[in-house]
*Asks:* 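The structure is given below, and queries will be raised subsequently.
Since this is a predicted model, take the numbers as computed values, not measurements. The sequence lines fix the lettering, A, B, ..., with proteins before strands; numbering per chain opens at 1.
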Number of protein chains: 2
Amino acid sequence: MDAETRDEILEATNRALCEHGYAGLTVQRIADESSVTSAAIHYHFDTKEELLNAFLDDLIERFESNLSCEESDPRKRLDAVLDAVFSPKEPESDGFPVAIMELKAQAPYHELFRERFLDFDGLMREVVADIVRDGVEAGHFDETDPGEIARLITTMSNGAHARAVALDEHPAETRRVVEDALELHLDWTPSEGADR
Amino acid sequence: MDAETRDEILEATNRALCEHGYAGLTVQRIADESSVTSAAIHYHFDTKEELLNAFLDDLIERFESNLSCEESDPRKRLDAVLDAVFSPKEPESDGFPVAIMELKAQAPYHELFRERFLDFDGLMREVVADIVRDGVEAGHFDETDPGEIARLITTMSNGAHARAVALDEHPAETRRVVEDALELHLDWTPSEGADR
């Protein structure tokens, strides 16, 4: 399958998932959202699980490329992670966080989904731990366990996601708490000593 | 409806929900798990939403009574909250955290579910904030914002729940990070100065 067709199918999957939810997601509805026929979608993806696996894989890649920047200052990089996680720039469709929540609830029944969520978690924790390690080494942050800071930010982000869906709470509420905890752990406050 | 019938219906709801998930939950399946007929269940609860609302309400009450103890030492009370949230004593059915996750994903479509999750969140944050306030007053904890500690513990607990479902991770991983953060915020470590 060429990259363009794949992209079109995955973007249509995103729209159909946000609109109809996991239970209401059908190949026909994905086809309705794109110029690709349902026969062609079936041809490229044998099962709904495979299609959603590709969809999650694509999300992870986009998250990764969002975070890979030329910036070298660990303080600016940590700012960028907090922005990406707690203050997403592009307003997501309301249905998107709900759809991801539904896929998480499906992870115990779909090994491929679980693997993708583990990939995403591993990536996010690695990115944060690298930043903390670099910041400690450069003397910007207090000595601390980088893996633990990674776990704190990632778990708070998981919590913020669940709260957005279940309580309709803005992730900024969580960001404030994370920033105060980081101040204690790292002796660092956002944008401190870094031009924004 | 007498309390016994109500309890029996709600316990059967719990079992049916853990076994069949939200999408597979039917009144017939609840009846199959109990000695109450499906006609009687329909009589007491007009809709599946009302039934699940009562189920969530019951969970909140049980959580509340678990935490209300005669204990007055804020340090022991904080220990008890961490135990209740991150190290549940009774091994839950594997399906239980998944079912709660599914209900959270339904909250945007069911105002009653959202209200119950907001109730639960408000209760948990109030319990933690009270403990922190008492502990600061008694000189056991460093001066801090009780509402913020409440938010930290509650959001980490939401994150631990999502991680248990999506990643199959034990909540103890999150507890360790919470305890280290509490040490920095409160200058308190679990069981410190408290007999267990």
*Asks:* Which atoms of B/D168 are under 4.5 Å from chain A, going by heavy atoms: the side chain, the backbone, both sets, or neither?
*Replies:*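 Both backbone and side chain.
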
*Asks:* Between A/S35 and A/E8, is any side-chain donor less than 3.5 angstrom from a side-chain acceptor?
*Replies:*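 Judged by distance alone, the side chains do pair up.
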
*Asks:* Picking from A/V178, A/V177, A/I149, A/L103, which has the most non-hydrogen pairs under 4.5 angstrom with chain B?
*Replies:*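 Winner by heavy-atom pair count: A/V177.
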
*Asks:* Tell me which of these, A/A99, A/A160, A/P108, A/S157, has more heavy-atom pairs under 4.5 Å with chain B than the rest.
*Replies:*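 Among A/A99, A/A160, A/P108, A/S157, the one with the most close pairs to chain B is A/P108.
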
*Asks:* Among A/A107, A/A105, A/A23, which residue has the highest count of heavy-atom pairs closer than 4.5 Å to chain B?
*Replies:*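 Most heavy-atom pairs under 4.5 Å with chain B: A/A105.
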
*Asks:* Report yes or no: do A/I30 and A/V98 belong to one cluster of Ile/Leu/Val/Met/Phe/Trp/Tyr joined by side chain heavy-atom distances under 4.5 Å?
*Replies:*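 No, A/I30 does not connect to A/V98 through the hydrophobic network.
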
*Asks:* Please determine which of A/E111, A/R116, A/H110, A/K48 meets the side-chain hydrogen bond (donor to acceptor under 3.5 Å, both in side chains) test together with A/N53.
*Replies:*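 Only one of A/E111, A/R116, A/H110, A/K48 forms a side-chain hydrogen bond (donor to acceptor under 3.5 Å, both in side chains) with A/N53, namely A/R116.
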
*Asks:* Do B/M156 and B/L67 share a hydrophobic cluster, counting only Ile, Leu, Val, Met, Phe, Trp and Tyr and linking them when any side-chain heavy atoms are less than 4.5 Å apart?
*Replies:*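 Shared cluster, yes.
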
*Asks:* Side chain from CB out, backbone as N, CA, C, O: work out which of these in A/A150 comes under 4.5 Å of a heavy atom of chain B, or both, or neither.
*Replies:*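 Neither part; nothing is under 4.5 Å.
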
*Asks:* Side-chain contact test, heavy atoms from C-beta onward, threshold under 4.5 Å: evaluate it for B/D119 versus B/L123 and give yes or no.
*Replies:*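 A side-chain contact under 4.5 Å is absent here.
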
*Asks:* Rounded to the nearest 0.5 Å, what's the gap from CZ on B/R163 to NE2 on B/H170? Could you check?
*Replies:*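 Between B/R163 CZ and B/H170 NE2, I get 13.5 Å after rounding to 0.5 Å.
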
*Asks:* If you count heavy-atom pairs under 4.5 Å with chain A, which of B/H161, B/R114, B/E115, B/Q106 comes out on top?
*Replies:*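 Greatest number of close heavy-atom pairs with chain A: B/R114.
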
*Asks:* Quick one: which of B/L167, B/D145, B/N158, B/L118 has the most heavy-atom pairs under 4.5 Å with chain A, could you say?
*Replies:*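 Greatest number of close heavy-atom pairs with chain A: B/L167.
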
*Asks:* Which bit of A/D180 is near chain B, if near means a heavy-atom gap under 4.5 Å: side chain, backbone, both or neither?
*Replies:*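 It is both, since atoms from each part get that close.
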
*Asks:* Contact part of B/Y22 toward chain A, heavy-atom cut-off under 4.5 Å: side chain, backbone, both or neither?
*Replies:*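 Neither part.
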
*Asks:* Begin from the C-alpha positions of A/L82 and A/L182 and carry the test side-chain contact (heavy atoms from CB on, under 4.5 Å) through to its verdict.
*Replies:* CA-CA 11 Å; A/L82 297 182; A/L182 290 180; 4.2 Å; yes

